[in-house]
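Below is one structure, written out as structure tokens; the observations come after it.
Scope of the values below: all heavy atoms of this structure, side chains included, with no hydrogens, waters or symmetry mates.
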Amino acid sequence: MQLKEQALQAKGQWVEVKSKVSTTRDSEQKKIVDKSNKDKNFTVGEEWLKHGIEWQSNSSLSDPDFIFAFKYLKYPEFKKYLFHSANVKMGQWVGEFLEPLYFGKIDMSGVMVFIRDMAKMYEPNEFDDADNEKMEKFLNYAEKYLSEMLYYCRQLAGDNKVVFEHPINLYLHEINVPITGWLDVAIFDKDDETKLIDWIENKTSYPKPKGFYKRITGDNNVGDRRWENMSVPISPSKYYESQMAIYYKATNVLGHQIHCTPNGTVFFRPEAHETLQREYLESVLQEIHTKLKVRQNLLRLANDADTFMRLCQPDFKSTKLKGWNPKYKQLLRGVYDY
């Protein structure tokens with residue numbers, strides 16, 4: 001089912017569902033990057049192009065180089081499986097429906113009808129033995145998360161102009177490829193709609209499956225699934241620091257962050273947290289620059305994915321490999337003759 005070709009009628013209007021719900025952004029991203037490169041008279045470096053890379057997404061920067069090469073150089077066709085999970089899909093749906101809700105094109109009951117219908121057609125990741133259970137569990141949180149995001153978006157935006165899924169591109173000195181991303185919520189001055197004054201990054205967390213309870217019976221049959229909820233964070237997660245730093249540098253505006261968890265939602269304001277402020281984000285950008293410079297040099301040295309990967313130090317205990325299907329892990333190890 002191609003959701004970009006569907007529409008949901010609500011309040012007498014048609015609401016188109018598009019972008020990242022069920023499609024990749026590569027074609028849309030390329031148009032944006034090509035235009036941005038042309039405007040800046042920027043040419044992507046040959047070391048990137050010979051590997052088929054025209055930009056670096058902010059998410060790819062968090063990967064160690066040996067995993068980056070596996071996902072983007074050696075087996076790009078596996079990305080849809082490596083990134084496929086109920087967690088990712090529910091987070092995308094929540095983000096997707098925030099816009100029509102915000103502008104009153106649909107009400108919450110209509111959104112939940114659509115999300116439940118999509119959840120029924122969701123194909124669980126066969127490499128995650130709990131993924132089929134996750135989607136049913138996560139449905140309990142979609143309405144709550146959407147309501148809380150709406151509240152904070154309206155509170156921050158006031159009567160200023162709001163744009164959802166606003167693209168950004170960042171060019172760093174000596175890095176011959178742009179870094180791309182999308183502001184979940186971009187807020188522009190009501191009196192000057194070209195002036196970005198605030199932005200928000202939305203994050204959602206969901207219960208994690210933790211094995212089973214045991215029934216107290218003679219044959220000790222397995223009982224119900226146990227779930228563990230993330231506690232409400234007291235500060236912005238380190239995991240998203242590179243993304244926040246990239247968006248800050250690309251816009252020259254400090255960003256806010258909403259983090260929804262089963263136990264509550266918190267709204268992080270940059271003035272209240274050191275890790276959302278300029279000095280700290282500039283230090284994160286230095287680390288990003290160093291990482292990309294190393295990656296760029298490795299691409300120059302290598303003409304194929306295997307050579308690139310063998311120039312990198314693998315870490316098979318990396319948390320980035322948590323939840324990977326064993327067959328993919330074995331393919332990864334096989335590059336290093338393990």
Contact summary for Ile258 and Thr265, nearest pair of heavy atoms | CG2-CG2, 3.8 Å
Asn160 side chain to Lys190 backbone, donor-acceptor under 3.5 Å | yes
For Ala119 and Met135, work out which heavy atoms get closest and say how close.
-> CB-CG, 3.7 Å
Test Trp182 against every option in Gln29, Glu165, Glu201 by the side-chain hydrogen bond (donor to acceptor under 3.5 Å, both in side chains) rule and name the one that passes.
-> Gln29
Is there a donor-acceptor pair closer than 3.5 Å between any side-chain N or O of Trp48 and the backbone N or O of Trp55?
-> no
Crowding at CD, Glu136 (>12 non-hydrogen neighbours, <6.0 Å) = no
Within the distance-only criterion (no hydrogens, no angle test), does the side chain of Ser318 pair as donor or acceptor with the backbone N or O of Asp315 below 3.5 angstrom?
-> no
Contact check, side chains of Ile246 and Leu61, non-hydrogen atoms, under 4.5 Å = yes
Step through the shown structure and confirm whether more than 12 heavy atoms of other residues, nucleotides or ligands are within 6.0 Å of CD on Glu271.
-> yes
With no hydrogens and no angle check, is any side-chain donor or acceptor of Lys50 less than 3.5 Å from a backbone partner on Arg300?
-> yes
Side chain to side chain, Val44 and Phe42, heavy atoms closer than 4.5 Å | yes
Write down the atom of Phe138, the atom of Pro207, and the distance for their closest heavy-atom approach.
-> CE2-O, 3.4 Å
Does Pro100 reach the side chain of Phe103, with side-chain heavy atoms less than 4.5 Å apart?
-> no
Backbone of Tyr206 reached by a side-chain donor or acceptor of Lys137 within 3.5 Å = no
Between Ile288 and Ala245 the two heavy atoms that sit nearest each other are CD1-CB, 4.4 Å
State the CE-OG distance between Met230 and Ser237, to the nearest 0.5 angstrom.
-> 6.5 Å
Go through the steps for Tyr141 and Leu146 under the test side-chain contact (heavy atoms from CB on, under 4.5 Å), then give the verdict.
-> CA-CA 9 Å; Tyr141 299 94; Leu146 277 164; over 6 Å; no
Could you give the distance from CD1 (Ile179) to CD1 (Ile168), rounded to the nearest 0.5 Å?
-> 8.0 Å
Heavy atoms, side chains only, cut-off 4.5 Å: are Leu49 and Val177 in contact?
-> no
Closest non-hydrogen atom pair between Thr275 and Glu241, with its separation = CG2-OE2, 4.0 Å
Does the ring of Tyr336 carry Arg310 above it, NZ/CZ under 6.0 angstrom from centre and within 45° of its axis?
-> no
In sequence, state the C-alpha distance, the side-chain angles, and the governing distance for Cys153 and Leu98, and then conclude on side-chain contact (heavy atoms from CB on, under 4.5 Å).
-> CA-CA 10 Å; Cys153 286; Leu98 189 60; 4.1 Å; yes
Chi angles and distances behind the side-chain hydrogen bond (donor to acceptor under 3.5 Å, both in side chains) call for Tyr145, Asn202 | CA-CA 10 Å; Tyr145 287 0; Asn202 297 325; over 6 Å; no
Asn87 and Lys134, any side-chain heavy atoms less than 4.5 Å apart = yes
Check whether any side-chain heavy atom of Asn169 sits under 4.5 Å from a side-chain heavy atom of Ile32, and report yes or no.
-> yes
Between Lys31 and Glu28, is there a salt bridge with N-O shorter than 4.0 Å?
-> no
Rounded to the nearest 0.5 Å, how far does NZ of Lys249 lie from CG of Leu170?
-> 8.0 Å
Would you find more than 12 non-hydrogen atoms of other residues, nucleotides or ligands less than 6.0 Å from Glu282 atom CD?
-> yes
Have His259 and Ser205 got a donor and an acceptor in their side chains that come within less than 3.5 Å?
-> yes
Rounded to the nearest 0.5 Å, how far apart are CZ of Phe308 and CG of Asp65?
-> 4.5 Å
Separation of Met309 CE from Leu311 CG (nearest 0.5 Å) | 11.0 Å
Identify whether the distance between the nearest side-chain nitrogen and carboxylate oxygen of Lys38 and Asp34 falls below 4.0 Å.
-> no
Residues Asp63, Lys320: salt bridge by 4.0 Å N-O rule | yes
If only atom types and distance count, is the side chain of Tyr248 paired as donor or acceptor with the main-chain N or O of Leu281 below 3.5 Å?
-> no
Say whether Lys203 and Gln243, considering side chains only, have a donor N or O and an acceptor N or O under 3.5 Å apart.
-> yes
To the nearest 0.5 Å, how far apart are CD1 in Ile200 and OH in Tyr152?
-> 11.0 Å
For the pair Gln286 and Thr290, evaluate side-chain contact (heavy atoms from CB on, under 4.5 Å) and give the outcome as yes or no after the intermediate values.
-> CA-CA 6 Å; Gln286 287 296 320; Thr290 300; 5.5 Å; no
Considering residues, nucleotides and ligands other than Leu301, do more than 12 of their heavy atoms fall under 6.0 Å from its CG?
-> yes
Any side-chain donor paired with an acceptor under 3.5 Å for Asn37 and Tyr171?
-> yes
So if you build clusters from Ile, Leu, Val, Met, Phe, Trp, Tyr with side-chain heavy-atom gaps below 4.5 Å, do Met108 and Met149 land together?
-> yes
Measure from the ring center of Tyr240 to the ring center of Tyr247 and say whether it is less than 6.0 Å.
-> no
Are the charged groups of Glu228 and Arg226 less than 4.0 angstrom apart, N to O?
-> no
Are side-chain N/O atoms of Gln56 and Arg295 paired as donor and acceptor at under 3.5 Å?
-> yes
Are Pro209 and Glu133 close enough that some pair of their side-chain heavy atoms sits under 4.5 Å apart?
-> no
So, Ser36 and Asp39: side-chain donor and acceptor under 3.5 Å apart, yes or no?
-> no
Does the ring centre of Phe267 sit less than 6.0 Å away from the ring centre of His256?
-> yes
Search all heavy atoms of Thr261 against all heavy atoms of Pro233 and return the closest pair with its distance.
-> CG2-CD, 3.8 Å
Does Val111 offer a backbone N or O that forms a donor-acceptor pair with the side chain of Glu143 under 3.5 Å?
-> no
Is the number of heavy atoms from other residues, nucleotides or ligands under 6.0 Å of Lys144 NZ greater than 12?
-> yes
Tell me, do Ser85 and Asp131 make a side-chain contact under 4.5 Å, heavy atoms counted?
-> yes
N/O donor-acceptor pair under 3.5 Å between His51 side chain and Ala305 backbone = no
Can the ring centroids of His166 and Phe188 be said to lie less than 6.0 angstrom from one another?
-> yes
Step-by-step side-chain contact (heavy atoms from CB on, under 4.5 Å) determination, Tyr102 to Glu99 | CA-CA 5 Å; Tyr102 187 92; Glu99 178 177 356; 5.7 Å; no
